[in-house]
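So the structure is just underneath, and the comments pick up after that.
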Amino acid sequence: MPKYRVLINDNAHYMDESERVDHGVFATADQAIAACKAIVDDELNTMCKPGTTSKALYELYIAFGPDPFVVPLNPKDPDVEFSAWTYAKEQCERLASLRG
């Protein structure tokens, strides 16, 4: 059975692998993606304040938020298509409209 590792880069320390965190191993790609989404959601919920625009929230996220991604443990397993930045942008728009 394939297994997938979730790693988290820190947007505030771009390209600094010493700041990378191992979030754990998941049995399926869907579970790993769900973990990544939860990481992004938690951070956005913390960053979002009343009146924050989606653009301001997204800029804050890409500057300082976590950037989780999925890596298959077996290099022969397919890559996982997930972009934390794309997901965050969608969530920023949703959160900003909810919290107005």
Side-chain angles (χ1 to χ4, degrees):
M1 173 179 272
K3 292 189 179 176
Y4 299 88
R5 181 176 306 281
V6 172
L7 299 170
I8 306 169
N9 284 335
D10 182 353
N11 285 328
H13 295 97
Y14 181 71
M15 300 292 289
D16 184 352
E17 289 188 21
S18 71
E19 294 291 327
R20 184 174 286 167
V21 176
D22 186 339
H23 187 69
V25 175
F26 298 84
T28 68
D30 287 342
Q31 290 172 341
I33 291 170
C36 290
K37 287 180 176 182
I39 292 164
V40 173
D41 289 340
D42 287 346
E43 187 69 18
L44 291 176
N45 282 317
T46 299
M47 291 176 161
C48 189
K49 307 295 181 215
T52 303
T53 66
S54 61
K55 181 180 179 188
L57 182 58
Y58 183 68
E59 288 176 359
L60 186 62
Y61 172 79
I62 62 172
F64 300 106
D67 187 12
F69 61 99
V70 181
V71 178
L73 291 181
N74 183 341
K76 293 181 182 178
D77 287 337
D79 288 336
V80 176
E81 297 294 323
F82 175 76
S83 166
W85 283 26
T86 300
Y87 178 72
K89 189 167 197 168
E90 295 165 0
Q91 292 300 93
C92 287
E93 292 171 10
R94 186 184 68 77
L95 280 173
S97 70
L98 289 175
R99 295 191 180 181

List the atom pairs, with distances to 0.1 Å, where a side-chain N or O of residues 53-70 and a protein N or O form a donor-acceptor pair under 3.5 Å, not counting sequence neighbours.
| from | atom 1 | to | atom 2 | distance (Å) |
| --- | --- | --- | --- | --- |
| Thr53 | OG1 | Ala56 | N | 3.0 |
| Tyr61 | OH | Pro66 | O | 2.3 |

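Atom CE in Met47 sits 11.0 Å away from atom OG1 in Thr52 (nearest 0.5 Å). Of the inter-residue distances, the one linking Leu44 atom CG with Arg94 atom CZ reads 9.0 Å to the nearest 0.5 angstrom. From Phe26, atom CZ reaches atom CD1 of Ile33 across 11.5 Å, with rounding to the nearest 0.5 Å. To the nearest 0.5 Å, atoms CD (Gln31) and SG (Cys36) are separated by 12.0 Å.
Clustering ILVMFWY residues whenever any of their side-chain heavy atoms sit less than 4.5 angstrom apart, transitively, puts Trp85 in the very cluster that holds Tyr87.
The side chain to side chain contact (heavy atoms under 4.5 Å, CB included) search around Asp10 returns Ala12, His13, Glu19, not counting sequence neighbours. Qualifying side chain to side chain contact (heavy atoms under 4.5 Å, CB included) partners for Val21, counting only residues two or more places apart in sequence or in other chains: Ile8. Legend: residues meeting salt bridge (Lys or Arg N to Asp or Glu O under 4.0 Å) with Glu17, ordered by chain and number and at least two apart, are Arg20. Residues forming a side-chain hydrogen bond (donor to acceptor under 3.5 Å, both in side chains) with Asn74 (at least two apart in sequence, or on another chain): none. By the side chain to side chain contact (heavy atoms under 4.5 Å, CB included) test, Ala34 pairs with no residue at all, sequence neighbours left out. By the side chain to side chain contact (heavy atoms under 4.5 Å, CB included) test, Ala38 pairs with no residue at all, sequence neighbours left out. Applying the salt bridge (Lys or Arg N to Asp or Glu O under 4.0 Å) rule to Asp22 yields the partners Arg5; only residues at least two apart in sequence or on another chain are considered.
For the pair Ile39 and Val6, the minimum side-chain heavy-atom distance is below 4.5 Å. Residues Tyr4 and Val25 are not in side-chain contact: their nearest non-hydrogen atoms beyond the backbone lie 4.5 Å or more apart.
Here salt bridge (Lys or Arg N to Asp or Glu O under 4.0 Å) pairs that include residues 30-41, with residues two or more places apart or in two chains, number zero.
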